[in-house]
There are 2 protein chains.
Amino acid sequence: MSITIKEIAEKANVSIATVSRALNNSPKVKEATKELIMNLAQEMNYSPNFVARTLVKKKTNVIGLILPEVAGEFFPEIIRGVDEISYLNKYHLFVASSHSERNTVDSILGFMSKSMVDGVILMLPSISEQIRDLIKRIKIPIVLINGYNNIEQVSSVGIDNFQGAYSITNFLIKNKGYNEIAFIKGPETNADARLRLKGYKAALKDNNIKINDEWIVEGNFTIKSGELAASRLLSLIKKPSAIFAANDMMAAGCYRVVDAMGLKIPDDVAVVGFDHIPLSEFLSPKLTTVHVPADEIGRKAAQLLLEIMGSENNIKPKHIKISTGLIIGKSC
Amino acid sequence: MSITIKEIAEKANVSIATVSRALNNSPKVKEATKELIMNLAQEMNYSPNFVARTLVKKKTNVIGLILPEVAGEFFPEIIRGVDEISYLNKYHLFVASSHSERNTVDSILGFMSKSMVDGVILMLPSISEQIRDLIKRIKIPIVLINGYNNIEQVSSVGIDNFQGAYSITNFLIKNKGYNEIAFIKGPETNADARLRLKGYKAALKDNNIKINDEWIVEGNFTIKSGELAASRLLSLIKKPSAIFAANDMMAAGCYRVVDAMGLKIPDDVAVVGFDHIPLSEFLSPKLTTVHVPADEIGRKAAQLLLEIMGSENNIKPKHIKISTGLIIGKSC
DNA sequence: CTGTTAGCGCTTTCAC
DNA sequence: GTGAAAGCGCTAACAG
């Protein structure tokens with residue numbers, strides 16, 4: 001059994017209250033006794049029981065972070081960002097993965113809200129009605145990470161998917177002169193994916209380019225799906241001269257297929273992506289893509305959460321939109 | 001304020017004890033009352049206070065994982081492995097990064113051992129005396145992840161660094177006919193790094209190749225340091241014909257330099273790495289490297305920890321060594 | 001300055 | 001079956 005303040009109190013011949021105060025460095029304890037207690041605690045190898053303290057203080061000093069996945073090229077950067085800020089503010093971070101499953105989310109979210117954390121940052125591929133209700137009911141401070149803001153009452157931070165997709169498409173057209181641009185979509189259920197598609201379409205439209213449905217194929221953000229999509233596009237009779245993949249992973253899939261077909265990027269076909277994951281820098285030729293500052297998202301989310309937790313009365317929910325940038329590689 | 005069993009008890013006209021029993025589905029509660037209470041709890045949107053329960057049960061159902069870093073190409077895979085197993089066993093996972101700093105480790109480890117977690121998996125670049133003491137003193141179950149076993153009393157899982165380095169070096173010599181193999185070391189303070197160096201040297205020795213100190217340069221596991229090391233090696237009068245980087249990141253650095261110098265891998269110089277990070281598959285030509293099953297390490301560590309936590313009396317510490325494999329790319 | 005006391009919310013004997 | 005009561009280890013009034 002761990003040792004408790006009671007035992008220290010006995011040895012020091014004081015009450016547990018005094019021990020508690022001394023340990024918390026209260027100014028109203030005589031220096032001598034404080035010192036005595038401190039030494040005793042040290043000797044006895046005392047370490048306070050967090051759970052007990054939490055029970056009475058109602059504060060854990062832990063913030064929770066729920067992500068669809070914890071591995072990959074993208075999520076770890078978010079974790080890093082959140083971790084950085086919470087660490088600076090003396091909070092511990094509790095990371096959990098929802099395993100991309102809906103029903104796991106509420107289990108975890110429930111768990112966290114059961115007084116295990118002081119606040120939660122939640123990132124979901126998309127939000128079901130069920131989750132939406134859950135989120136609204138949760139009493140602890142919460143910040144959403146997403147590329148769209150569909151819950152007014154809950155603060156969020158996200159990137160501007162539309163703008164990012166629009167600008168890289170526009171770049172392809174205006175600066176590089178491509179007119180035949182195909183698009184590999186993300187999953188329909190993913191809100192970010194839908195916005196990127198919108199951005200792509202809008203850019204075409206604004207440049208008076210007709211949208212060719214044959215050139216819009218579905219992917220699911222994995223390398224594999226990028227490969228499939230690329231093979232399909234490149235075996236069309238009327239091939240596109242450029243492919244815009246809705247994320248870098250799928251762009252990487254394109255690279256593989258293009259390579260396997262003995263073609264060259266960008267000579268035979270241009271490829272651009274979205275996310276600017278570390279890998280994109282290593283593709284050769286280097287990928288032109290939309291920079292999504294994942295660590296910045298994490299930092300902003302953490303800051304926002306801390307801000308909410310710090311303010312007594314519920315402040316008005318904020319929605320922060322982080323803008324993307326263009327990374328010019330050699331793939332177009 | 002959240003609602004408590006007391007309030008349910010009042011509404012149901014029973015004692016809190018009964019509510020507690022009903023909620024825990026105790027068989028000694030009449031079906032009728034149980035149902036009544038369950039419904040009430042549902043209606044009132046009750047959710048149990050984990051902290052209070054933990055305080056009395058002394059079990060959190062959370063396991064902690066401490067890593068040097070949470071981002072990168074390698075650590076997330078470990079997290080994934082641990083997460084997988086703990087999830088299956090209905091444990092929650094608490095991930096924390098020690099930010100590669102020594103004095104943060106004890107802060108976190110201390111935090112976790114203060115009854116916040118039932119067990120800890122700890123990965124450290126190296127273990128100082130201070131940490132070693134701390135680890136020995138911790139009362140909760142603990143499993144170390146490392147490539148060496150230097151604390152007998154504490155269970156561990158790690159990979160066979162020596163064997164991995166030995167076999168890829170041997171492969172280079174025996175199967176590929178290279179005799180002039182340079183080595184880019186990891187940091188001196190890193191135990192894994194030291195073992196890899198040993199493996200490299202042993203392989204050379206066993207093949208009667210003299211060790212050339214000029215061809216052993218120091219790196220620190222980053223891309224940048226790989227670049228520096230490669231430039232140094234490739235500007236020697238007597239250049240090596242192959243470079244073995246102690247991790248893939250540094251190998252990636254070599255790729256950059258070789259490319260920048262207008263040379264070709266493997267024609268002008270071969271490059272091999274260690275870790276088999278996802279990125280290595282995308283380098284072109286594909287990197288030949290030592291496969292380190294990070295997710296498997298995570299899984300094994302979690303299994304071991306669960307096993308320890310499950311057994312009443314302290315069982316004898318186990319030391320699991322996971323063997324590496326060779327990934328044959330086109331870089332040599 | 002220090003001790004007494006009342007909880008925090010829940011579980012768990014021990015009675016009835 | 002159910003209730004009363006005693007804590008888990010700690011903090012925070014309230015007295016003195």
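These numbers come from a predicted model, not from an experiment. Reminder, nothing fancy here: chain letters follow the sequence lines and each chain counts from 1.
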Qualifying residues under side chain to side chain contact (heavy atoms under 4.5 Å, CB included), relative to [X], sequence neighbours excluded:
X      : answer
B:E296 : B:P293, B:R299, B:K300, B:I322
B:A294 : B:F74, B:E77, B:I78
B:L36  : B:A12
B:K11  : B:L40, B:M44

Does [X] place a side-chain N or O at less than 4.0 Å from the phosphate oxygens OP1/OP2 of [N]?
X     : N     : result
B:T18 : D:dG3 : yes
B:S15 : D:dG3 : yes
B:Y46 : C:dG9 : no

Next item on the list: Five pairs at each end of the helix from C:dC1-D:dG16 to C:dC16-D:dG1: take the axis at both ends and give me the angle between them to 10°.
Entry: 40°
Could you state the [atom1]-[atom2] distance from [X] to [N], rounded to the nearest angstrom?
X      : N      : atom1 : atom2 : answer
A:K6   : D:dA6  : NZ    : P     : 14 Å
A:K59  : D:dA12 : NZ    : C1'   : 17 Å
A:L55  : D:dA12 : CG    : P     : 12 Å
B:M116 : D:dC8  : CE    : P     : 20 Å
B:I3   : C:dC8  : CD1   : P     : 14 Å
A:I16  : C:dA6  : CD1   : C1'   : 11 Å
B:I8   : D:dG3  : CD1   : C1'   : 17 Å
B:F50  : C:dC10 : CZ    : C1'   : 12 Å

Notebook entry, point to check: Are any of the side-chain heavy atoms of B:K318 and B:L304 separated by less than 4.5 Å?
Noted result: yes
Notebook entry, point to check: Side-chain contact, heavy-atom cut-off 4.5 Å: B:T4 with B:N49?
Noted result: no
Could you give the side-chain donor-acceptor pairs of residues 28-35 of chain B under 3.5 Å, partners two or more places apart or in another chain?
| residue | atom | partner | partner atom | Å |
| --- | --- | --- | --- | --- |
| B:T33 | OG1 | B:K30 | O | 2.8 |
| B:K34 | NZ | B:N25 | OD1 | 3.0 |
| B:K34 | NZ | B:S26 | O | 3.2 |

When you measure from the side chain of [X], which nucleotide among [options] comes out closest?
X     : options                : answer
A:K57 : C:dT11, D:dT11, D:dC10 : D:dT11
B:A17 : C:dT12, C:dC10, D:dT11 : C:dT12
A:V14 : C:dG3, C:dC8, C:dT11   : C:dG3

Next item on the list: Measure the CG-CG distance between B:L305 and B:L122 for me, rounded to the nearest 0.5 Å.
Entry: 11.0 Å
Notebook entry, point to check: With A:R21, which residues qualify under salt bridge (Lys or Arg N to Asp or Glu O under 4.0 Å), at least two apart?
Noted result: none
Next item on the list: For B:K57, enumerate each residue passing the salt bridge (Lys or Arg N to Asp or Glu O under 4.0 Å) test, keeping only those at least two apart in sequence or located in another chain.
Entry: none
Margin query: Judged by each residue's nearest nucleotide on DNA chain D, which is more toward the 5′ side, B:A52 or B:N13?
Written below: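 Here B:N13 is the residue nearer the 5' end.
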Check: Contacts to DNA chain D from residues 19-44 of chain A, heavy-atom cutoff under 4.0 Å, which residues?
Finding: A:S20, A:R21, A:N24
